[in-house]
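Shown next, in C-alpha coordinates, is the structure this report addresses.
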Amino acid sequence: MLIVMRHGATRDEVDKVVSVIQEMGYQARPMPGVQRMAVGLVGNDGRVDASRLEGLPGVQEVIHVTKPYKQVSREWKNEPTIVRLAGGVAVGGTEVVAIAGPCSVESERQIVEAARQVKEAGAVILRGGAWKPRSSPYSFQGLGKPGLRLLAKAREETGLLVCTEAMDENGLGWVAEMADIVQIGARNMQNFSLLKLAGRCGKPVLLKRGISATVTELLLSAEYLLAEGNHEVILCERGVRSFDTATRNLFDLTVIPVVHKLSHLPIIADPSHGTGLRDKVIPMARAAVAAGADGIIVEVHPNPEEALSDGAQSLYPDQFMQLMREVRIIAEAIGRRVAEPAAVSA
Ligand code: PEP
Ligand code: MN
(Lines give C-alpha, C1' and ligand atoms only; values in the text may rest on other atoms or scores of the structure.)
(Ligands and ions follow the chains in the order given, each with its own letter.)
Protein backbone atom coordinates (compact mmCIF):
# COMPACT_ATOMS: atom_id res chain seq x y z
CA MET A 1 0.00 0.00 0.00
CA LEU A 2 1.16 3.48 -0.81
CA ILE A 3 0.17 6.56 1.19
CA VAL A 4 0.51 9.60 -1.03
CA MET A 5 1.00 12.85 0.87
CA ARG A 6 -0.41 16.22 -0.20
CA HIS A 7 1.95 18.63 -1.90
CA GLY A 8 3.66 20.54 0.91
CA ALA A 9 2.83 18.00 3.64
CA THR A 10 4.90 18.75 6.73
CA ARG A 11 7.59 16.59 8.26
CA ASP A 12 5.34 16.01 11.30
CA GLU A 13 2.51 14.79 9.08
CA VAL A 14 4.83 12.33 7.36
CA ASP A 15 6.22 11.17 10.72
CA LYS A 16 2.69 10.58 11.99
CA VAL A 17 1.88 8.37 8.99
CA VAL A 18 5.06 6.41 9.64
CA SER A 19 4.23 5.87 13.29
CA VAL A 20 0.65 4.79 12.60
CA ILE A 21 1.93 2.25 10.06
CA GLN A 22 4.31 0.90 12.69
CA GLU A 23 1.54 0.76 15.31
CA MET A 24 -0.48 -1.29 12.84
CA GLY A 25 2.39 -3.80 12.83
CA TYR A 26 3.86 -3.01 9.39
CA GLN A 27 6.99 -1.29 8.14
CA ALA A 28 7.01 2.18 6.64
CA ARG A 29 9.21 3.25 3.75
CA PRO A 30 9.16 7.03 3.25
CA MET A 31 9.78 7.81 -0.41
CA PRO A 32 10.55 11.39 -1.28
CA GLY A 33 9.74 11.76 -4.98
CA VAL A 34 10.20 14.43 -7.59
CA GLN A 35 6.45 14.98 -7.85
CA ARG A 36 5.23 13.95 -4.42
CA MET A 37 6.14 12.51 -1.06
CA ALA A 38 4.75 9.06 -0.43
CA VAL A 39 5.07 6.51 2.34
CA GLY A 40 5.07 2.87 1.36
CA LEU A 41 3.61 0.25 3.67
CA VAL A 42 5.30 -3.13 3.51
CA GLY A 43 5.13 -6.33 5.51
CA ASN A 44 1.52 -7.15 4.68
CA ASP A 45 0.45 -10.29 2.93
CA GLY A 46 -3.01 -9.32 1.75
CA ARG A 47 -5.21 -6.24 1.90
CA VAL A 48 -4.67 -3.77 4.72
CA ASP A 49 -7.45 -1.74 6.32
CA ALA A 50 -6.52 1.81 5.32
CA SER A 51 -9.15 3.67 7.30
CA ARG A 52 -6.78 4.85 10.05
CA LEU A 53 -4.37 6.24 7.47
CA GLU A 54 -6.84 7.87 5.11
CA GLY A 55 -8.00 10.38 7.70
CA LEU A 56 -4.56 11.54 8.84
CA PRO A 57 -3.58 15.16 8.18
CA GLY A 58 -1.51 15.64 5.02
CA VAL A 59 -2.66 12.40 3.41
CA GLN A 60 -3.94 12.88 -0.13
CA GLU A 61 -4.79 9.33 -1.10
CA VAL A 62 -4.12 5.71 -0.30
CA ILE A 63 -3.26 3.44 -3.22
CA HIS A 64 -3.66 -0.28 -2.80
CA VAL A 65 -0.95 -2.06 -4.78
CA THR A 66 -2.85 -4.77 -6.56
CA LYS A 67 0.13 -6.86 -7.67
CA PRO A 68 1.71 -9.53 -5.47
CA TYR A 69 5.04 -7.73 -5.89
CA LYS A 70 4.95 -4.25 -4.40
CA GLN A 71 8.10 -2.16 -4.49
CA VAL A 72 9.06 -3.28 -8.00
CA SER A 73 5.65 -2.35 -9.41
CA ARG A 74 4.74 0.73 -11.43
CA GLU A 75 1.90 1.31 -8.98
CA TRP A 76 4.49 1.84 -6.27
CA LYS A 77 6.86 3.96 -8.34
CA ASN A 78 5.97 5.33 -11.72
CA GLU A 79 9.29 6.85 -12.82
CA PRO A 80 11.71 4.35 -14.35
CA THR A 81 14.58 3.32 -12.12
CA ILE A 82 17.95 4.26 -13.51
CA VAL A 83 20.79 2.14 -12.13
CA ARG A 84 23.83 4.41 -12.05
CA LEU A 85 27.23 2.79 -12.26
CA ALA A 86 30.79 4.09 -12.12
CA GLY A 87 32.03 6.19 -15.03
CA GLY A 88 28.61 7.65 -15.74
CA VAL A 89 27.15 4.40 -17.09
CA ALA A 90 23.40 4.34 -16.47
CA VAL A 91 21.04 1.44 -17.09
CA GLY A 92 17.37 2.27 -17.55
CA GLY A 93 17.65 5.79 -18.99
CA THR A 94 17.76 6.73 -22.63
CA GLU A 95 21.02 4.89 -23.23
CA VAL A 96 21.18 1.28 -24.31
CA VAL A 97 24.02 -0.47 -22.54
CA ALA A 98 26.08 -3.32 -23.99
CA ILE A 99 27.55 -5.93 -21.66
CA ALA A 100 29.81 -8.39 -23.47
CA GLY A 101 32.55 -10.92 -22.94
CA PRO A 102 33.07 -14.65 -22.71
CA CYS A 103 30.79 -17.06 -20.90
CA SER A 104 33.62 -17.99 -18.53
CA VAL A 105 36.86 -16.40 -17.45
CA GLU A 106 39.47 -18.90 -18.66
CA SER A 107 42.87 -17.19 -18.40
CA GLU A 108 44.37 -13.75 -18.07
CA ARG A 109 45.19 -13.65 -21.73
CA GLN A 110 41.68 -14.67 -22.77
CA ILE A 111 39.79 -12.25 -20.54
CA VAL A 112 42.05 -9.26 -21.19
CA GLU A 113 41.93 -9.87 -24.94
CA ALA A 114 38.14 -10.28 -24.84
CA ALA A 115 37.83 -7.09 -22.79
CA ARG A 116 39.86 -5.09 -25.30
CA GLN A 117 37.86 -6.50 -28.19
CA VAL A 118 34.42 -5.84 -26.74
CA LYS A 119 35.46 -2.37 -25.64
CA GLU A 120 36.66 -1.54 -29.11
CA ALA A 121 33.29 -2.62 -30.46
CA GLY A 122 31.44 -0.42 -27.96
CA ALA A 123 30.62 -2.47 -24.86
CA VAL A 124 30.82 -0.59 -21.57
CA ILE A 125 30.61 -3.58 -19.23
CA LEU A 126 32.63 -6.80 -19.36
CA ARG A 127 30.92 -10.10 -18.57
CA GLY A 128 32.54 -13.43 -17.68
CA GLY A 129 31.79 -16.03 -15.05
CA ALA A 130 34.29 -17.09 -12.41
CA TRP A 131 31.77 -19.58 -11.03
CA LYS A 132 29.70 -21.39 -13.63
CA PRO A 133 26.37 -23.16 -13.09
CA ARG A 134 26.87 -26.17 -15.38
CA SER A 135 24.35 -28.91 -16.03
CA SER A 136 27.07 -31.55 -15.73
CA PRO A 137 29.44 -31.76 -12.77
CA TYR A 138 32.15 -32.85 -15.23
CA SER A 139 31.96 -29.63 -17.26
CA PHE A 140 34.28 -26.69 -16.58
CA GLN A 141 33.09 -25.12 -13.35
CA GLY A 142 34.97 -21.83 -13.59
CA LEU A 143 38.25 -20.63 -12.09
CA GLY A 144 36.62 -19.43 -8.88
CA LYS A 145 38.36 -16.69 -6.92
CA PRO A 146 41.37 -16.41 -9.23
CA GLY A 147 38.86 -15.71 -12.00
CA LEU A 148 37.70 -12.64 -10.10
CA ARG A 149 41.27 -11.36 -9.92
CA LEU A 150 41.56 -11.76 -13.67
CA LEU A 151 38.36 -9.79 -14.19
CA ALA A 152 39.77 -7.04 -11.97
CA LYS A 153 42.90 -7.06 -14.10
CA ALA A 154 40.84 -6.77 -17.30
CA ARG A 155 38.95 -3.85 -15.77
CA GLU A 156 42.23 -2.17 -14.88
CA GLU A 157 43.52 -2.64 -18.42
CA THR A 158 40.43 -1.39 -20.22
CA GLY A 159 38.38 0.72 -17.83
CA LEU A 160 35.33 -1.47 -18.52
CA LEU A 161 33.00 -2.20 -15.63
CA VAL A 162 32.58 -5.85 -14.59
CA CYS A 163 29.45 -7.98 -14.28
CA THR A 164 29.93 -11.51 -12.94
CA GLU A 165 27.84 -14.23 -11.36
CA ALA A 166 27.62 -15.19 -7.70
CA MET A 167 26.29 -18.70 -7.15
CA ASP A 168 26.37 -19.02 -3.39
CA GLU A 169 26.89 -17.14 -0.17
CA ASN A 170 30.70 -17.22 -0.15
CA GLY A 171 30.93 -16.29 -3.79
CA LEU A 172 28.50 -13.46 -3.24
CA GLY A 173 30.76 -11.81 -0.68
CA TRP A 174 33.75 -11.98 -2.99
CA VAL A 175 31.84 -10.98 -6.10
CA ALA A 176 30.19 -8.03 -4.33
CA GLU A 177 33.58 -6.82 -3.17
CA MET A 178 35.06 -6.85 -6.65
CA ALA A 179 32.36 -6.53 -9.30
CA ASP A 180 30.39 -3.50 -10.44
CA ILE A 181 27.29 -5.66 -10.98
CA VAL A 182 26.51 -8.93 -9.21
CA GLN A 183 24.77 -11.39 -11.52
CA ILE A 184 22.24 -13.81 -10.09
CA GLY A 185 21.82 -16.48 -12.75
CA ALA A 186 18.71 -18.13 -14.09
CA ARG A 187 19.18 -21.21 -11.93
CA ASN A 188 19.32 -19.12 -8.79
CA MET A 189 16.45 -16.78 -9.58
CA GLN A 190 14.40 -18.47 -6.89
CA ASN A 191 17.21 -19.14 -4.45
CA PHE A 192 15.51 -16.95 -1.89
CA SER A 193 18.24 -17.05 0.72
CA LEU A 194 20.79 -15.94 -1.90
CA LEU A 195 18.40 -13.20 -3.03
CA LYS A 196 18.08 -11.92 0.54
CA LEU A 197 21.85 -11.74 0.82
CA ALA A 198 22.14 -10.08 -2.58
CA GLY A 199 19.60 -7.54 -1.37
CA ARG A 200 22.11 -6.53 1.31
CA CYS A 201 25.31 -6.84 -0.74
CA GLY A 202 25.68 -3.15 -1.50
CA LYS A 203 26.11 -3.61 -5.26
CA PRO A 204 23.70 -3.45 -8.20
CA VAL A 205 22.25 -6.83 -9.11
CA LEU A 206 21.55 -8.29 -12.54
CA LEU A 207 18.72 -10.75 -11.97
CA LYS A 208 18.21 -13.24 -14.79
CA ARG A 209 14.85 -14.81 -15.49
CA GLY A 210 14.62 -18.41 -14.32
CA ILE A 211 14.54 -21.20 -16.88
CA SER A 212 10.79 -21.58 -16.58
CA ALA A 213 9.85 -18.58 -14.50
CA THR A 214 6.77 -16.52 -15.17
CA VAL A 215 7.01 -12.74 -15.25
CA THR A 216 5.27 -12.61 -11.89
CA GLU A 217 7.87 -14.96 -10.41
CA LEU A 218 10.69 -12.86 -11.88
CA LEU A 219 9.23 -9.71 -10.36
CA LEU A 220 8.62 -11.40 -7.02
CA SER A 221 12.28 -12.46 -6.97
CA ALA A 222 13.28 -8.86 -7.69
CA GLU A 223 10.99 -7.87 -4.80
CA TYR A 224 13.24 -9.88 -2.46
CA LEU A 225 16.12 -7.60 -3.43
CA LEU A 226 14.16 -4.40 -2.95
CA ALA A 227 12.62 -5.68 0.27
CA GLU A 228 16.16 -5.98 1.65
CA GLY A 229 16.93 -2.40 0.63
CA ASN A 230 18.68 -2.93 -2.70
CA HIS A 231 16.94 -0.78 -5.29
CA GLU A 232 19.65 -1.12 -7.91
CA VAL A 233 18.21 -4.04 -9.78
CA ILE A 234 18.43 -4.81 -13.49
CA LEU A 235 16.26 -7.61 -14.83
CA CYS A 236 17.30 -9.85 -17.70
CA GLU A 237 15.33 -11.94 -20.19
CA ARG A 238 17.48 -14.91 -21.19
CA GLY A 239 14.98 -17.28 -22.72
CA VAL A 240 12.78 -19.94 -21.20
CA ARG A 241 12.53 -23.65 -21.74
CA SER A 242 10.07 -24.64 -24.44
CA PHE A 243 8.80 -27.70 -26.27
CA ASP A 244 10.89 -26.83 -29.30
CA THR A 245 14.47 -28.04 -29.56
CA ALA A 246 15.27 -25.88 -32.61
CA THR A 247 16.88 -23.36 -30.28
CA ARG A 248 18.42 -23.76 -26.83
CA ASN A 249 15.68 -21.66 -25.23
CA LEU A 250 12.67 -19.67 -26.34
CA PHE A 251 13.84 -16.06 -26.30
CA ASP A 252 10.79 -14.27 -25.01
CA LEU A 253 11.07 -10.71 -26.23
CA THR A 254 7.48 -9.88 -25.37
CA VAL A 255 8.66 -9.82 -21.79
CA ILE A 256 10.53 -6.56 -22.45
CA PRO A 257 7.44 -4.36 -22.98
CA VAL A 258 5.45 -6.47 -20.50
CA VAL A 259 7.97 -5.83 -17.73
CA HIS A 260 8.30 -2.17 -18.65
CA LYS A 261 4.56 -1.82 -18.17
CA LEU A 262 4.45 -3.67 -14.87
CA SER A 263 7.67 -2.48 -13.28
CA HIS A 264 9.90 0.58 -13.09
CA LEU A 265 13.03 -1.58 -13.13
CA PRO A 266 15.25 -1.70 -16.22
CA ILE A 267 15.34 -4.91 -18.23
CA ILE A 268 18.07 -6.08 -20.58
CA ALA A 269 18.16 -9.06 -22.92
CA ASP A 270 20.56 -11.98 -23.34
CA PRO A 271 20.24 -13.31 -26.89
CA SER A 272 23.21 -15.66 -26.35
CA HIS A 273 21.51 -17.92 -23.81
CA GLY A 274 18.16 -16.97 -25.31
CA THR A 275 18.96 -18.70 -28.59
CA GLY A 276 22.09 -20.77 -27.94
CA LEU A 277 23.09 -20.41 -31.58
CA ARG A 278 25.74 -17.97 -32.78
CA ASP A 279 24.01 -17.01 -36.00
CA LYS A 280 20.73 -16.32 -34.18
CA VAL A 281 22.34 -14.07 -31.58
CA ILE A 282 22.79 -11.13 -33.94
CA PRO A 283 19.22 -10.84 -35.27
CA MET A 284 17.76 -11.39 -31.81
CA ALA A 285 20.06 -8.81 -30.21
CA ARG A 286 18.86 -6.33 -32.83
CA ALA A 287 15.27 -7.33 -32.10
CA ALA A 288 15.79 -6.91 -28.35
CA VAL A 289 16.95 -3.34 -28.76
CA ALA A 290 14.06 -2.66 -31.12
CA ALA A 291 11.69 -4.09 -28.49
CA GLY A 292 12.95 -1.55 -25.97
CA ALA A 293 15.52 -3.50 -23.96
CA ASP A 294 17.64 -1.21 -21.78
CA GLY A 295 20.70 -3.18 -22.76
CA ILE A 296 22.03 -6.41 -24.18
CA ILE A 297 24.35 -8.98 -22.64
CA VAL A 298 26.21 -10.93 -25.29
CA GLU A 299 28.77 -13.71 -25.15
CA VAL A 300 31.86 -12.87 -27.21
CA HIS A 301 35.04 -14.96 -27.20
CA PRO A 302 38.40 -14.20 -28.83
CA ASN A 303 38.38 -17.77 -30.11
CA PRO A 304 34.96 -19.44 -29.71
CA GLU A 305 36.18 -22.88 -30.90
CA GLU A 306 38.39 -23.05 -27.84
CA ALA A 307 35.86 -21.73 -25.34
CA LEU A 308 35.49 -23.84 -22.19
CA SER A 309 31.77 -23.05 -22.07
CA ASP A 310 29.10 -21.84 -24.49
CA GLY A 311 31.44 -21.59 -27.50
CA ALA A 312 28.61 -22.42 -29.92
CA GLN A 313 26.68 -19.31 -28.93
CA SER A 314 29.68 -17.00 -28.56
CA LEU A 315 30.21 -14.36 -31.21
CA TYR A 316 33.52 -13.76 -32.93
CA PRO A 317 34.81 -10.31 -32.03
CA ASP A 318 34.26 -8.97 -35.55
CA GLN A 319 30.64 -10.18 -35.46
CA PHE A 320 30.14 -8.28 -32.24
CA MET A 321 31.65 -5.19 -33.83
CA GLN A 322 29.13 -5.45 -36.67
CA LEU A 323 26.27 -6.06 -34.25
CA MET A 324 27.14 -2.92 -32.32
CA ARG A 325 27.12 -0.87 -35.53
CA GLU A 326 23.63 -2.12 -36.28
CA VAL A 327 22.38 -1.70 -32.76
CA ARG A 328 23.44 1.98 -32.75
CA ILE A 329 21.20 2.61 -35.74
CA ILE A 330 18.27 0.72 -34.20
CA ALA A 331 18.64 2.59 -30.89
CA GLU A 332 18.56 5.92 -32.71
CA ALA A 333 15.48 4.91 -34.66
CA ILE A 334 13.59 4.60 -31.38
CA GLY A 335 14.95 7.76 -29.80
CA ARG A 336 17.72 6.16 -27.76
CA ARG A 337 21.46 5.86 -28.11
CA VAL A 338 24.05 3.24 -27.30
CA ALA A 339 26.25 4.08 -24.29
CA GLU A 340 29.81 4.52 -25.52
CA PRO A 341 32.87 3.38 -23.60
CA ALA A 342 35.09 6.08 -22.10
CA ALA A 343 38.47 6.66 -23.75
CA VAL A 344 40.93 3.79 -23.16
CA SER A 345 42.31 4.36 -19.70
CA ALA A 346 45.23 1.98 -19.94
C1 PEP B 1 25.67 -16.89 -18.03
O2 PEP B 1 25.36 -15.69 -18.09
O3 PEP B 1 26.76 -17.34 -18.45
C4 PEP B 1 24.67 -17.84 -17.52
C5 PEP B 1 25.03 -18.99 -16.98
O6 PEP B 1 23.42 -17.40 -17.71
P7 PEP B 1 22.01 -18.03 -17.25
O8 PEP B 1 22.02 -17.98 -15.76
O9 PEP B 1 21.03 -17.10 -17.89
O10 PEP B 1 21.95 -19.42 -17.80
MN1 MN C 1 27.10 -18.85 -20.85
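Indexing begins at 1, ligand by ligand and atom by atom, following the structure's order. Counting from 1, the numbers follow the sequence of the chain as shown.
- A donor and an acceptor atom, one from each side chain of H301 and D310, are nowhere located under 3.5 Å apart.
- The closest protein non-hydrogen atom to atom 6 (O) of ligand 1 is K208 NZ, 2.9 Å.
- Near G185, the atoms of ligand 1 lying under 4.0 angstrom from a non-hydrogen atom of the residue are 8 (O).
- The main-chain N or O of T214 is found under 3.5 Å from a side-chain atom of E217 such that the two form a donor-acceptor pair.
- With respect to the salt-bridge test (charged N to carboxylate O, under 4.0 angstrom), the residues R200 and E228 qualify.
- Closest to the Mn ion (ligand 2) among the N, O or S atoms of D310 is OD2.
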Please walk me through it: do S242 and D244 pass side-chain hydrogen bond (donor to acceptor under 3.5 Å, both in side chains)? CA-CA 5 Å; S242 93; D244 197 335; 5.7 Å; no
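- Remark: the Q313 side chain and the T275 side chain contain no N/O donor-acceptor pair separated by less than 3.5 Å.
- For atom 1 (C) of ligand 1, the nearest non-hydrogen atom of the protein is H273 CE1, 3.2 Å.
- Counting only distance, with no hydrogens or angles, the side chain of N249 and the backbone of F251 share no donor-acceptor pair below 3.5 Å.
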Could you give me the CA-CA distance, side-chain angles and deciding distance for E326 and R286, then say whether salt bridge (charged side-chain N to carboxylate O under 4.0 Å, His left out) is met? CA-CA 7 Å; E326 294 167 356; R286 293 191 300 235; 2.8 Å; yes
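- The backbone N or O of T66 sits nowhere less than 3.5 Å from a side-chain atom of H64 that would complete a donor-acceptor pair.
- The atoms of ligand 1 that sit less than 4.0 Å from any heavy atom of E299 are 3 (O).
- Residue-level check: among N/O/S atoms of E299, OE2 sits closest to the Mn ion (ligand 2).
- Listed by number with element, the atoms of ligand 1 under 4.0 Å from a non-hydrogen atom of C103 are 3 (O).
- The shortest N/O to N/O separation between D310 and ligand 1 does not fall below 3.5 Å.
- Taking a cut-off of under 4.0 Å to the non-hydrogen atoms of A186, the atoms of ligand 1 that pass are 7 (P), 8 (O), 9 (O).
- Scanning the protein heavy atoms around atom 9 (O) of ligand 1, the nearest turns out to be R238 NE, 2.6 Å.
- At least one N/O-N/O distance between Q183 and ligand 1 falls below 3.5 Å.
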